[in-house]
Amino acid sequence: MKQEITQLIEQALDALVAQGHLPDDTQPRVQIDRTRDKSHGDLASNIALTLAKAAGMKPRELATLICESLPASGLVAHTEIAGPGFINFFLSDSSNQAIVRTVLERGDSFGHSDTGAGRRVQVEFVSANPTGPLHVGHGRGAAVGDSICRLLAATGWEVASEFYYNDAGAQIDNLARSVQARCQGLEPDSTEWPEDGYRGDYIAEVARSYLAGDTIDAEDRHVTGAADADNLEAIRKFAVAYLRREQDLDLKAFGVHFDLYFLESSLYDSGAVETTVERLIANGHTYEQDGALWLRTTEFGDDKDRVMRKSDGGYTYFLPDVAYHLNKWQRGFKRVINEQGADHHSTVTRVRAGLQALEQGIPEGWPDYVLHQMVTVMRDGEEVKISKRAGSYVTLRDLIDEVGRDATRYFLVARGPSSQLTFDIDLALSQSNDNPVYYIQYAHARVCSIMRKLAQQGDTWTVDSGLGSLERLTEEHEKALLRRLDQFPEVVASAAAASEPHTVANYLRELAGEFHAWYNAHKTLVDDKPLRDARLALSEAVRQTIRNGLDLLGVSAPESM
RNA sequence: GGGGGUAUAGCUCAGUUGGAUAGAGCAACGGCCUUCUAAGCCGUGGGUCGAGGGUUCGAAUCCUUCUACCCCCGCCA
């Protein structure tokens, strides 16, 4: 609709240029906004305000000229000039009502578009170390990352979701030593407990399972506990498999799927890490100091140089990270989005610097990052500190069990990634009925309920009869719903472009609110059949749109509550 | 000290890449169920958009200075 109106304005401007009212070099960017206040019509343009100076006219004067030059169109009922010089467009009823047909024809794909044109995009998220269960922060990453994937797929991108699986390095050794200590009967308070060891209770459970000789069936590995407290390597393999399985189960319960688990160890096995080091050295961006090998990341905007090979010969996490992202580039992903917690912010500059130092023609700002701010968990009115090493923990699984998957996902995705999030468990539990997700789902279920009622009465309706009498939708509540439905494709497009799924959540709250208001004000199943069928068609369009929107958030659309 | 983020109603947060009188939920108060599900609706009250300055037809939004809080600044990830 915006596009059609934009074209009308452009035609009017062309005519004014031809008549000499506007300079020949007028190259306006026509901007159309939805109005906030319905007394301002449906759409508004500020074009007269932006061109007034160049035209040497007062804005309202120019606006009048533009309105007089607008080609006739069945879309527009009338225009008004308002305020300092806005042109307000009042759309005809029939053009507003047409959205119902569009929604019902497009069905599950209403709101989808093809801006991605089949281009490939890779989205990496969660990427938690296999050193403990997933916590709320990972949950936020999972909810946001998965929703971004859904948004990109809905806008025509070919999406590859990926979990970088850190199964090598110092933290894994730390994990193995912690489990071994538990196998040996040590407690975290013991003086012999490993320095920086993981203290959580789950470590004891891993040890118990290992000593019992359990077999772990994780998605990509199957390991049986050797039950030998002295075999550190066996413990390491068992512990990684155990925690991998736990994370698999957590993500499955959360409804999050990954196309690929990329193993950090594979970068060592394939020689990619070595190759990366050699290339960085050959390119002259490194130096040795204090027995370590440093990368001159300050050449690429970092505030200090970084160690890539430690004095003990091992690599820091930074180097495999660079090798991993080179691998992504080599796989042909021109667009990559990394969704991470903001506590990992410092890696952004570092990874990009490493990629520049490789001199492979990778763009400077590649890859994209979406950083979500920290999640604070409140329980019993107090903040629960999340620390794997200290052992205090609120797992994602706990939340799903207590609060429910839909509410947990909605809660974690409904805020902008850049704002901090307080997850109050007591609130989510005690007032779960007030959770916005139920409000939205209820709107969906209500439409289903109306349809059931219709069937109970032995009545039927057809989409065609509904679409044939859309002109009966004349109530203010109905007009508001029509406008809202028309907005959905833009909401999806901008949410996808900006990697901001929360705007979809906000939209659904508005749509559901307007539906509930309409439902209470006007009965759908009235005796007047044409009116009834028109309202059923509108109800069905609302239901379809809510369903599509919830799907983008990974939240279910129940048929009854 | 440096980098990033945030600051909007009592609380939790929106605010469509500069638009018209800044919104919603919760909390408070008052109404609505013999009528398609009351997990709902209607109404009332509630604001120096952290503070100062700047840019322009127009600023919660952009620039600048300051203040407060969160995160990071490791040869951990």
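Every chain is numbered from 1, with letters handed out A, B, ... down the list of sequences.
When the side-chain nitrogen and oxygen atoms of S419(A) are compared with OP1 and OP2 of U12(B), none of them lie within a distance under 4.0 Å. Side-chain N/O atoms of H502(A) include one lying less than 4.0 angstrom from OP1 or OP2 on G15(B). Contact annotation: R446(A) reaches the phosphate of A38(B) (side-chain N/O to OP1 or OP2, under 4.0 Å). Contact annotation: Y439(A) side-chain N/O to C41(B) OP1/OP2 distance is under 4.0 Å. Contact check, K310(A) against C76(B): a side-chain N or O comes under 4.0 Å of OP1 or OP2. Contact between the side-chain N/O atoms of K304(A) and the OP1/OP2 oxygens of G74(B) is found at a separation under 4.0 Å. Look at R509(A) and you won't find any side-chain N or O under 4.0 angstrom from OP1 or OP2 of A14(B).
Base pairing in RNA chain B gives the following stems of 3 or more Watson-Crick or G-U pairs, range against range and under 3.5 Å: B:1-7 with B:67-73, B:10-13 with B:23-26, B:28-32 with B:40-44, B:50-54 with B:62-66.
On the P atoms, A51(B) is 13 Å away from A7(B), given to the nearest whole Å. U8(B) and G15(B) are spaced 9 Å apart, taking the C1' atom of each and rounding to whole Å. Using atom P as the reference point in both A59(B) and G50(B), the two lie 15 Å apart (nearest Å). G18(B) and C63(B) have their P atoms separated by 11 Å, given to the nearest Å. Nucleotides A22(B) and A60(B), compared at atom C1', are 8 Å apart to the nearest Å. U61(B) sits 41 Å from A39(B) when the P atoms are compared, rounded to a whole Å. U44(B) and C49(B) have their C1' atoms separated by 24 Å, given to the nearest Å. Separating the P atom of C41(B) from that of G25(B) is a span of 8 Å, rounded to the nearest Å.
The aromatic rings of F258(A) and F163(A) stand perpendicular to each other, their planes meeting at an angle above 60°, with 30° marking the opposite boundary. A tilted orientation is assigned to the rings of F262(A) and Y324(A), their planes being inclined by 30° to 60°.
Rounded to an integer number of Å, the gap from CG of D290(A) to P of G74(B) is 15 Å. Going from atom CG of N506(A) over to atom C1' of U16(B) covers 10 Å, rounded to whole Å. In this structure, the CZ atom of R306(A) is 13 Å from the P atom of C76(B), given to the nearest Å. Summarising the geometry, the separation between CD on E500(A) and P on C13(B) is reported as 16 Å, rounded to the nearest angstrom. Distance CD (Q31(A)) to C1' (A20(B)): 14 Å, rounded to an integer number of Å. If you take OH of Y317(A) and P of G74(B), they are 9 Å apart, rounded to a whole angstrom. Rounded to a whole Å, the CG atom of N520(A) is 13 Å from the P atom of U35(B). Rounded to an integer number of Å, the gap from Q289(A) CD to C75(B) P is 11 Å.
Across G40(B), C70(B), C57(B), the shortest atom-to-atom separation from the side chain of K53(A) is found for C57(B). Comparing U35(B), C76(B), G19(B) by their closest approach to the side chain of F86(A) singles out G19(B). Minimum atom distance to the side chain of R36(A) is reached by A60(B), of the listed C13(B), C75(B), A60(B). Relative to the side chain of Y519(A), the nucleotides C36(B), A20(B), C70(B) differ in distance, and C36(B) lies closest. You'll find that the side chain of I450(A) is closest to C36(B), out of C72(B), C75(B), C36(B).
Summary of the strand contacts: W518(A) and I87(A) both lie near RNA chain B, and taking for each the nucleotide with the nearest heavy atom, the more 5' one is attributed to I87(A). Summary of the strand contacts: H40(A) and A414(A) both lie near RNA chain B, and taking for each the nucleotide with the nearest heavy atom, the more 5' one is attributed to A414(A).
Across all strands, D173(A) comes closer than 4.0 Å to no nucleic acid atom at all (heavy-atom distances).
The distance from the CD1 atom of I337(A) to the CD atom of E162(A) is 13.5 Å, given to the nearest 0.5 Å. Distance check, rounded to the nearest 0.5 Å: CG of D33(A) to NE2 of H40(A) gives 12.5 Å.
Between the side chains of N338(A) and H344(A), no donor N or O sits under 3.5 Å from an acceptor N or O. Judged purely by distance below 3.5 Å, without hydrogens or angles, the side chains of D305(A) and T298(A) pair a donor atom with an acceptor atom.
Donor-acceptor pairing under 3.5 Å, judged by distance alone, is present between the side chain of S311(A) and the base of C75(B). Scanning atom types as modelled, one donor and one acceptor separated by under 3.5 angstrom connect the side chain of N46(A) and the base of G19(B).
Between D459(A) and K453(A), no side-chain nitrogen of the basic residue sits less than 4.0 Å from a carboxylate oxygen of the acidic one, so the salt-bridge criterion is not met. In summary, D312(A) and R309(A) do not engage in a salt bridge, as defined by a charged side-chain N under 4.0 Å from a carboxylate O.
Within the structure, the side-chain hydrogen bond (donor to acceptor under 3.5 Å, both in side chains) test picks out the following pairs touching residues 502-511 of chain A (sequence neighbours left out): R484(A)-E510(A).
Taking the syn range as angles within 90° of 0, the glycosidic angle of C33(B) is syn.
Atom CD of E364(A) is surrounded by 12 or fewer heavy atoms from other residues, nucleotides or ligands within 6.0 Å.
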